[in-house]
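Report on one structure; see the data block that follows.
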Amino acid sequence: MNLLFVCLGNICRSPAAEGVMLQLLEDKGLATNFVIDSAGTYAGHRGELPDMRMRNAARKRGLILTHRSRPFVEEDFERFDMILVMDDMNYESVVRVCPDRVFKNKICRMTDFCTKFKVDYVPDPYYSGHEGFEYVLDILEDACLGLLNFIQSKK
Ligand code: 4NP
């Protein structure tokens, strides 16, 4: 199963989602069954490590984020089974480069897998304070667990 997490800059939300999901899969002994990656719909941070504020917040939860930002590309529709977007703007950007409508059902909203949080997008923490990054990680932990349960229920 190949999962791609997508946000705008690929330096806050989606690399954090990647880190949370990887840790969850490792904890459950499932990591070898998955390919996990992340990408951004805006290429301006290409090559950068995740934002220092997100790396610090993640490190406090035992997650070391080492992903380098890369833009979302059309070929990602072929390479990945599910494309998990953080908000509606990401959804629209990804749909815009979708080469064929058969791929469209690969695009999912990350928050659709939340079971505790009643939210319909993962808020962009870039212009927020420290609490914004913690809140994003809280939502992502909930969503990643729900996503894994969903995938396992489909087998
Ligand atoms: P992300 O956060 O989409 O969660 O990586 C952002 C990072 C950078 C910018 C916006 C959002 N930016 O405008 O540069």
Going from CG on Asn90 to CG on Leu84, what distance comes out if it is rounded to the nearest 0.5 angstrom?
11.0 Å
If you measure from the Lys or Arg side-chain nitrogens to the Asp or Glu carboxylate oxygens, is any gap between Arg13 and Glu18 under 4.0 Å?
no
Heavy atoms of Arg68 and Gly47 approach each other most closely as CD-O, 3.0 Å
According to a hydrophobic-cluster definition based on side-chain heavy atoms being under 4.5 Å apart (Ile, Leu, Val, Met, Phe, Trp, Tyr only), do Leu30 and Met1 belong together?
yes
Judged by atom type as modelled, is there a donor-acceptor pair below 3.5 Å linking the side chain of Thr111 to the main-chain atoms of Ala143?
no
Looking only at heavy atoms, what is the nearest atom pair of Cys7 and Met86, with distance?
CB-CG, 3.7 Å
Indicate, with yes or no, if Phe150 and Val119 share a hydrophobic cluster defined by side-chain heavy-atom contacts under 4.5 Å among Ile, Leu, Val, Met, Phe, Trp and Tyr.
yes
Asp87 and Arg109 ion-paired at < 4.0 Å
no
Single-linkage hydrophobic cluster Leu22~Ile139, side-chain heavy atoms < 4.5 angstrom:
yes
Test side chain to side chain contact (heavy atoms under 4.5 Å, CB included) on Val136 and Met54 and set out the steps.
CA-CA 9 Å; Val136 165; Met54 183 53 92; 3.7 Å; yes
For Glu74 against Val97, the heavy-atom pair lying closest together:
CG-O, 3.5 Å
Indicate whether any N or O donor in one side chain lies under 3.5 Å from an N or O acceptor in the other, for Asn56 and Arg53.
no
How long is the straight-line distance from CG of Leu140 back to CZ of Arg61, given to the nearest 0.5 Å?
9.0 Å
If I take atom CG from residue Leu8 and atom OG from residue Ser93, how far apart are they, to the nearest 0.5 angstrom?
7.5 Å
Residue of the set Asp76, Ile107, Asp37, Val94 for which side chain to side chain contact (heavy atoms under 4.5 Å, CB included) holds with Val6:
Val94
Between Val95 and Lys104, is a side chain to side chain contact (heavy atoms under 4.5 Å, CB included) present by the stated rule, with each step listed?
CA-CA 7 Å; Val95 165; Lys104 207 176 158 189; 4.1 Å; yes
Side chain to side chain contact (heavy atoms under 4.5 Å, CB included), that's the test. Do Leu3 and Ile151 meet it? Break it down for me.
CA-CA 11 Å; Leu3 306 178; Ile151 292 167; 4.0 Å; yes
Do Tyr135 and Val122 have side chains that approach each other closer than 4.5 Å (heavy atoms only, starting at C-beta)?
no
To the nearest 0.5 angstrom, please state how far the OG1 atom of Thr115 sits from the CG atom of Asn149.
8.0 Å
Hey, do the aromatic rings of Phe72 and Phe77 have their centres closer than 6.0 Å?
yes
Minimum side-chain heavy-atom gap Lys28-Leu148 below 4.5 Å
yes
How far does CD of Glu141 sit from NZ of Lys116, to the nearest 0.5 angstrom?
7.5 Å
Donor-acceptor check, side chain of Asp51 to backbone of Ile11, threshold 3.5 angstrom: yes or no?
no
Go through the steps for Cys144 and Met110 under the test side chain to side chain contact (heavy atoms under 4.5 Å, CB included), then give the verdict.
CA-CA 8 Å; Cys144 283; Met110 192 60 184; 3.6 Å; yes
Of the non-hydrogen atoms in Asp142 and Cys114, which two are nearest, and what is the gap between them?
OD2-CB, 3.4 Å
For Arg55 and Pro50 the tightest heavy-atom approach is NE-O, 2.8 Å
Hey, could you give me the CG/NZ distance between Asp81 and Lys106, rounded to the nearest 0.5 Å?
6.0 Å
Report yes or no: do Tyr126 and Tyr121 belong to one cluster of Ile/Leu/Val/Met/Phe/Trp/Tyr joined by side chain heavy-atom distances under 4.5 Å?
no
Polar side chain donor-acceptor pair, Asn10 to Ser38, under 3.5 angstrom:
yes
Test of understanding: clusters of I, L, V, M, F, W, Y form through side-chain heavy atoms closer than 4.5 Å, transitively. Do Phe80 and Met21 belong to the same one?
no
What is the minimum heavy-atom distance between Ala31 and Glu26, and which atoms define it?
CB-CG, 3.8 Å
